[in-house]
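All chains are named by letter (A, B, ...) in the order of the sequence lines, taking the proteins before the strands, and each is independently numbered beginning at 1.
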Amino acid sequence: MSRPAAVQFTAGELALVRRLQALYPDKRAALLPVLQLVQDTFGYISLEAEEYVAGLFDLPPAHVHEVVTFYTLFFQEPKGRHVVSVCHNLTCHLEGAPTVLAHLRMRLGVDVGATTADGRVTLLAVECLCACEMAPMLQVDDRYEGNLTPAKIDRILEGLE
Amino acid sequence: MPKLTIDGREVEVPAGTNLIEAARRLGIEVPYYCYHPGLSIAGQCRLCMVDVGNSPRPQIACNTLAADGMVVRTETPKVLETRQSVMEFHLINHPLDCPVCDQAGECWLQIYYMKHGLYEPRMVDEKVHKPKAVPLGPHVILDAERCILCSRCVRFCDEITGTGELGIFQRGDHSEIGLFPGKELANPYSANVVDICPVGALTDRDFRFAVRVWYLETAKSVCPGCSRGCNIEVHYNLRRPHHNQGHRVARLKPRENPEVNQWWICDAGRYGGKFVDDASRLLFPTRGRENAAREVGWDEMVPLVAARLRDYRPDEIGVLASPRMANEDLFVLKRLVEHLGIANVDFRVPPGRPGDEDRILIKADKNPNTRGAELIGLAPRAGGLDARGMLRAARERRLKGLWVFHHDLLASAWPGSEIREALRALDWFIFQGSNANGISPDADVLLPSATWVEREGTFTNFEGRVQRFWKAVEPPGASLSDWEILARIGDALGLGAVPGRAEDSFKSLAAGVPAFAGLSYRELGDFGKEAATA
Ligand code: SF4
Ligand code: SF4
Ligand code: FES
């Protein structure tokens, strides 16, 4: 999922960028999907990548930086192979999110916002993920896990390569 | 043209006028932060709310166009309450560091809080902190905590210079103005963002902490930095002479003129006035060079210069006028050389480095009055030598005396050795100017000129627009306006009808040079008029 070399799209990816840009009256509107493509391709969005994208859109890099810093789902640093996002909004908080976070911090040995030394997991605390019925819950990569207990958390972590 | 009613009064405005501008026509002031007539509409600050028709909620006046029959109210209880709430929002995270903020005294947070705020603060939480005193480039420094995110600075860089350096990063109450990491705000117009920033977020690195703005006085003026002739204000400080190292001119600011510079000036012009309070100023008429130099009064100097001009044959004398001189000066000089029959007259000296130019304001000709010198006629007269010809003639000892105004010939495109040789070969060399320069030490007579902020006068810009500048501060030492020095010398040589004021010289100019016919100081007003250059 990541291609760490210099930030440069392949001919196929560039064709996709052009297709996305052509969908909108102002091609700037395609910034979001193209930045998603950057993150999927290179793992995260570096400053170099922002400048590269700015070039594709004839925009000053500052305006790409605005978009990247606005959305927390864009990663500006390399992230782990897996991302674990713990909801700490009201319902989850009442149902034990602080315990969940404490357990994860202890098991992974990193603080919220950091990545384990082996690059396996990035730990995040996030606002409501719209799954209060399974509070306390977290998201691991594209999957929701709810009704968390320490034992269940350990099982989830074991499944992460 | 739509006709609408604002606060019970009717007004007709051109189609496309927004409600802020329509109200302004009636003298009604709608408060705003993000709107700027020279930039696109952002609708960001929400301060400009007014009631429109029966709409249940107030609307933003900046983004509402006047329409026929529209009924607008700007002072209803709902509008006043909205303004107050908007002010409270803008100030929620504001650090309230006015005592150490350079904007204090001209800050729209202060002004509008007193006019539209005056609420009891309810903010009890820790405020969000952001970077303070971050240099963005050579001229501008940022305090992100004071920023109200109006986005004027961002739009300026996007829409006026097209350089796009600035952006608003992060979101919510963490949003902050900034540069792409590693870049700087260094475009040739960068400091205009300081002028349009309504608060103390962007301040001027050159001016900040030099003098508090309430000690400043203002004179209308014109930038002498290039042939565009941007309209400016000179902000000067006489009330606290011990502040700012005794510099009287504290800063130059743009003055709106839709025909010339709109709301902007370039950085070179903004910071180009430093020579006024510089140690290199020539203060007293001086005879002799180096150790033999002696300061004398004008009563001794004027007869000396007059004698030189009388005692040498006209063809032995060269006069090198300057396109930095005002029309008033050039016209007296022109009369004087005609009176004496001197044909070796010129004003053009090619610069050592070609000037930069762009499509916004900056012109390659770095002189404010080249067009004036052309129209008044300071080019070589029939049979006369041009500037370079005069220098050659001096080397060949055909030319014996030279009177140079302002030029630093050593900064010209001509070889320095030729110039030095020419100046040394002369019997006499008079230098008239405001500051010492590369060639002034070679002069055996120095005539000290007032700078443009120390006198009044007019420049003619590259389009032939004649524009007035006004006196801000007194000329230092015994320096005088160029026209006045010339008038005194002219008087001693029987020139007759010498001007007693700059305006007298302009009157005779208008009467004597067809291009200026019909112009007068009154006619020129604050914003200037085109000379008949056809
Ligand atoms: S720095 Fe000033 S001009 Fe720029 S957004 Fe903030 S308040 Fe507005
Ligand atoms: S563009 Fe020319 S006239 Fe205008 S501010 Fe700059 S130097 Fe002065
Ligand atoms: S001036 Fe209208 S929203 Fe700011």
Side-chain angles (χ1 to χ4, degrees), chain A residues 6-7 21 24-32 34-36 38-39 42-79 85 87-90 93 112-113 124-130, chain B residues 34 39-44 128-131 134-137 140 142 144-145 147-190 192-193 196-197 201-202 360:
Chain A
V7 181
Q21 288 176 335
Y24 305 96
D26 180 351
K27 69 179 175 184
R28 190 170 174 167
L31 252 184
L32 277 183
V34 170
L35 285 169
Q36 277 162 356
V38 171
Q39 179 153 299
F42 303 101
Y44 72 108
I45 305 177
S46 62
L47 291 176
E48 188 199 351
E50 289 181 15
E51 294 204 75
Y52 178 65
V53 171
L56 296 177
F57 281 82
D58 305 311
L59 278 175
H63 292 327
V64 178
H65 196 60
E66 287 181 319
V67 177
V68 173
T69 56
F70 186 91
Y71 293 100
T72 52
L73 291 176
F74 285 136
F75 287 84
Q76 294 177 262
E77 302 280 339
K79 60 181 188 317
S85 308
C87 171
H88 65 165
N89 212 307
L90 186 63
H93 186 91
V112 171
L124 298 177
V126 300
E127 303 305 334
C128 186
L129 290 172
C130 235
Chain B
C34 67
L39 302 172
S40 63
I41 302 288
Q44 197 103 333
V128 178
H129 290 293
K130 293 179 189 173
V134 187
L136 295 184
V140 183
L142 166 71
E145 290 189 337
C147 169
I148 56 163
L149 299 165
C150 71
S151 82
R152 278 178 169 187
C153 56
V154 177
R155 281 174 284 147
F156 177 84
C157 293
D158 282 352
E159 297 164 15
I160 306 299
T161 57
T163 43
E165 294 94 333
L166 292 169
I168 298 178
F169 307 136
Q170 314 300 334
R171 69 174 175 205
D173 58 9
H174 292 279
S175 302
E176 65 183 63
I177 284 289
L179 295 160
F180 188 82
K183 299 253 178 321
E184 6 172 52
L185 181 64
N187 69 61
Y189 298 86
S190 67
N192 287 288
V193 300
I196 59 176
C197 179
L202 300 176
I360 305 174

Short donor-acceptor separations (under 3.5 Å), chain A to chain B:
| unit_1 | atom_1 | unit_2 | atom_2 | d |
| --- | --- | --- | --- | --- |
| A:Glu51 | OE1 | B:Lys183 | NZ | 2.8 |
| A:His63 | NE2 | B:Asp158 | OD1 | 2.8 |
| A:His63 | NE2 | B:Asp158 | OD2 | 2.8 |
| A:Glu66 | OE2 | B:Ile168 | N | 2.6 |
| A:Thr69 | OG1 | B:Gln170 | N | 2.9 |
| A:Phe70 | O | B:Arg171 | NH1 | 3.1 |

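Among the candidates B:Gly162, B:Gly167, B:Gly182, the residue making the largest number of heavy-atom pairs closer than 4.5 Å to chain A is B:Gly167.
The minimum heavy-atom distance between B:Gly164 and A:Pro60, with the atom names listed, is O-CB, 3.2 Å.
Take A:Val126 and apply the side chain to side chain contact (heavy atoms under 4.5 Å, CB included) test, not counting sequence neighbours, and it matches A:Ser85, A:Leu124, A:Leu129. Listed by chain and number, the residues in a side chain to side chain contact (heavy atoms under 4.5 Å, CB included) with B:Cys153 are B:Leu166, B:Ile177, B:Val193, B:Leu202 (sequence neighbours excluded).
Residues B:Phe180 and A:Leu47 have side chains in contact (heavy-atom distance under 4.5 Å, counting atoms from C-beta outward).
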